[in-house]
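The next block holds one structure in the form of structure tokens; read it before the comments.
In the text below, chain A, chain B and the rest are named by the order of the sequence lines, each starting its count at 1.
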Amino acid sequence: MDEISVKFTINYNRFKKKVYNYVLKMTGDVMLTEDITQTVFMKFYENLPVLKSENSFPVWIFKVARNEVFLHYRNKKSEPERFDYDETENFNAGSDSFVDTEYEMKELASILKTELENLPYEQKEVFVMKEYGNLSYREIGELLQIEEKLVKSRLFKVRQKLINNISKLIS
Amino acid sequence: MKTEDFKELINLYFDGELKKEKEILLFTNLSQNEEARIYFKEMNLLKTAAGTLTEEYPDYLDTRILSKLEDKTQVVEKPVDKFHFITAYSVAAILLILSLFLFSEVNSYRQSVEAMHRQVVDQKQTIEMLFNSLPGVIVKSSM
């Protein structure tokens with residue numbers, strides 16, 4: 001096995017689940033997700049000899065994945081929604097709105113899934129990159145070409161919104 | 001501590017981006033502030049719920065991607081192999097021609113050395129004959 005193949009195998013195993021989950025959450029289509037994941041890793045393999053630093057791998061891989069998702073939307077001629085949500089949501093969660101059983105957790109996960117699907121594209125993207133891509137604020141900022149501060153504030157607001165919506169539904 | 005501040009600390013903590021020195025501040029605040037504890041629990045719940053939505057990576061996709069890559073590397077390797085074969089054959093042919101040339105050179109050199117050797121032997125015999133043909137020397141005493 002040559003050096004490139006070893007490097008590829010290590011990073012493929014490191015990122016495959018994250019990329020798969022990121023694309024799946026962004027598209028909601030399993031077959032499309034598989035195709036995009038395959039494209040991402042084929043491109044990664046082709047470009048591996050020219051990629052200098054290993055630190056740049058997560059950003060590079062997710063950039064390709066993100067472009068592929070955008071390409072899908074462009075081909076479908078259905079652009080993702082713009083980032084235009086009300087930033088002044090009030091936090092009003094009840095103190096006893098916690099779940100204990102596995103069944104309740106499944107219910108909660110299903111509510112969260114619906115809430116995620118209803119989020120504007122940019123909000124959903126930041127949340128998915130963090131939760132499923134496990135990227136740092138810096139990496140997300142680099143990917144979205146925004147400042148780290150903005151990443152943080154977007155992420156906190158999305159979470160706040162999700163907590164509020166879920167709390168409303170539970171109560 | 002303001003509501004927004006402790007919320008930020010909690011978010012940073014869950015994202016693994018809270019500095020160690022600030023953890024004490026967070027936990028002190030959690031022990032004293034009921035609102036912070038509620039938010040912490042809600043964040044924990046959100047994280048857990050988000051975690052349960054993580055899908056497993058399908059095994060067949062592994063096979064699909066890796067076999068596709070294998071095909072690709074084989075296609076890339078073929079011209080490289082052909083190139084190696086051509087180079088190896090050319091080098092072998094050059095070495096063969098070179099060894100034939102060197103063999104003939106060595107052969108002719110050996111023949112010339114043998115001829116010279118023969119000539120030297122002949123000359124030595126001629127010199128010996130000349131010496132032998134000279135009259136013998138008689139040594140007389142002067143006393």
Using side-chain heavy atoms (C-beta onward) and a distance below 4.5 Å, is [X] in contact with [Y]?
X         : Y         : result
Ile163(A) : Met43(B)  : yes
Asn11(B)  : Leu155(A) : no
Asp15(B)  : Lys152(A) : no

Would a distance-only check, ignoring hydrogens and angles, find a side-chain to backbone donor-acceptor pair under 3.5 Å from Lys7(B) to Gln160(A)? no
Would one find more than 12 heavy atoms of other residues, nucleotides or ligands at under 6.0 Å from atom [atom1] of [X]?
X         : atom1 : answer
Phe57(A)  : CZ    : yes
Asp122(B) : CG    : yes
Lys47(B)  : NZ    : yes

Residue pair [X] / [Y]: nearest heavy atoms and the distance that separates them:
X        : Y         : answer
Tyr12(A) : Leu66(B)  : CE2-CD2, 4.4 Å
Leu53(B) : Asn21(A)  : O-OD1, 4.2 Å
Ala49(B) : Leu108(A) : CB-CD2, 3.8 Å
Asp35(A) : Arg64(B)  : OD1-NH2, 2.6 Å

[X] versus chain B, the contacting section by heavy-atom distance below 4.5 Å:
X         : result
Thr33(A)  : neither
Tyr132(A) : side chain
Glu34(A)  : both

Quick one: what part of [X] sits under 4.5 Å from any heavy atom of chain A, side chain, backbone, both or neither?
X        : value
Thr52(B) : side chain
Tyr60(B) : side chain
Asn44(B) : neither
Ile10(B) : neither

With rounding to the nearest 0.5 angstrom, report the [atom1] to [atom2] distance, [X] to [Y].
X         : Y         : atom1 : atom2 : answer
Lys25(A)  : Thr54(B)  : NZ    : OG1   : 6.0 Å
Ile65(B)  : Met42(A)  : CD1   : CE    : 8.5 Å
Glu42(B)  : Asn164(A) : CD    : CG    : 8.5 Å
Lys130(A) : Phe14(B)  : NZ    : CZ    : 13.0 Å

Applying the 4.5 Å side-chain criterion to the ILVMFWY set and letting contacts propagate, would Phe41(A) and Leu71(A) be lumped into a single cluster? no
Residues of residues 134-151 of chain A within contact distance of chain B, non-hydrogen under 4.5 Å: Ser136(A), Tyr137(A)
Any carboxylate oxygen within less than 4.0 angstrom of a Lys/Arg side-chain nitrogen, looking at Lys16(A) and Asp62(B)? yes
I'd like to know if Glu55(B) and Lys17(A) make a salt bridge, using a cut-off of under 4.0 Å between side-chain N and carboxylate O. no
